[in-house]
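Proteins come first, then strands; the chains are lettered A, B, ... in the order of their sequence lines, and each starts at number 1.
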Amino acid sequence: MPMSINNRHKVSDFASRVYELTSKVPKGKVTTYGRLAALLDLKKGAQAVGQALHCNPFAPTVPCHRVVRSDGDIGGFAFGTDSKKKLLKSEGVEIINNKIDLSIYCVK
DNA sequence: CGTGTGACTCGGT
DNA sequence: GACCGAGCCACAC
C-alpha cells in the first residue's frame, strides 16, 4: 500500500482506505460512493465515503472525480461539479444530461 | 457522550 | 422528473 496516501498530514484510517481504493479506479471508468463503501464493508456508509473525499488532501493523486452517485448523477466535487464533469469528459467518460453513462462503472 | 452535518441511497409522494 | 423523509456512517463541536 502506497505510503504517500497517508503521510503529510494525518488522516483517519477510514479516509486512508477510501483514498487508496479511489486511486485504484482506472482512467476512463468511474465508481460510486456506495461501491467504495461496500468494499470497505460499510455497505451503508456511502455518505461517510463522500465526506472523506470532500476532505481529500491528495486532490491530483486521488482521482476523486471518478466517483459518482449510484444513480449516475455527478455527485459533488470540492472544485465544483463543472470541473468534475470536464475532467471525466477529458478521460473519455460520456456525460449525458448531467448523468454518467452507467455502462462504464468500474466493477471492482 | 449527545447533536448536527454532509461529495449518499432508497422508497414514497 | 422533482421533492421529501428515513436510514446509515464518520467526524467536528
Peer 1: Examine B:dA7: is either OP1 or OP2 under 4.0 Å from a nitrogen or oxygen in the side chain of A:Arg69? Give yes or no.
Peer 2: no

Peer 1: Determine the minimum heavy-atom distance between A:Tyr105 and A:Arg69, stating which atoms define it.
Peer 2: OH-O, 2.8 Å

Peer 1: Mind calculating the distance between CG (A:Leu53) and P (B:dG6) to the nearest angstrom?
Peer 2: 16 Å

Peer 1: Just wondering, do A:Thr32 and A:Val67 contact through their side chains at under 4.5 Å, heavy atoms?
Peer 2: no

Peer 1: Is A:Asp13 salt-bridged to A:Arg17, going by a charged N under 4.0 Å from an acidic O?
Peer 2: no

Peer 1: Got more than 12 heavy atoms from elsewhere within 6.0 Å of NZ, A:Lys44?
Peer 2: no

Peer 1: Do A:Glu91 and A:Lys29 sit within salt-bridge range, that is, some charged N less than 4.0 Å from a carboxylate O?
Peer 2: no

Peer 1: What string of B, S and - do you get for nucleotides 6-13 of chain C, 5' to 3', when a contact is any protein heavy atom under 4.0 Å?
Peer 2: --BBBS--

Peer 1: First locate atom NZ of A:Lys108, then atom CG of A:Leu39, and finally report the distance between them rounded to the nearest 0.5 Å.
Peer 2: 7.5 Å

Peer 1: Given B:dC10, is OP1 or OP2 found less than 4.0 Å from the side-chain N or O atoms of A:Ser70?
Peer 2: yes

Peer 1: Quickly work out the A:Asp71 CG to B:dA7 P distance and round it to whole Å.
Peer 2: 15 Å

Peer 1: Take the protein atom OH of A:Tyr105 and the nucleotide atom C1' of B:dC8, then report the distance between them rounded to whole Å.
Peer 2: 12 Å

Peer 1: Round to a whole Å and report the spacing from CG of A:Asn97 to C1' of C:dA2.
Peer 2: 13 Å

Peer 1: Between B:dC10 atom C1' and A:Asp73 atom CG, what is the distance in whole Å?
Peer 2: 14 Å

Peer 1: May I ask you to say what A:Cys64 touches in the nucleic acid, namely base, sugar-phosphate or nothing, with a heavy-atom cut-off under 4.0 Å?
Peer 2: base

Peer 1: Calculate the interatomic distance between A:Asn56 atom CG and B:dG6 atom C1'; express it in whole Å.
Peer 2: 16 Å

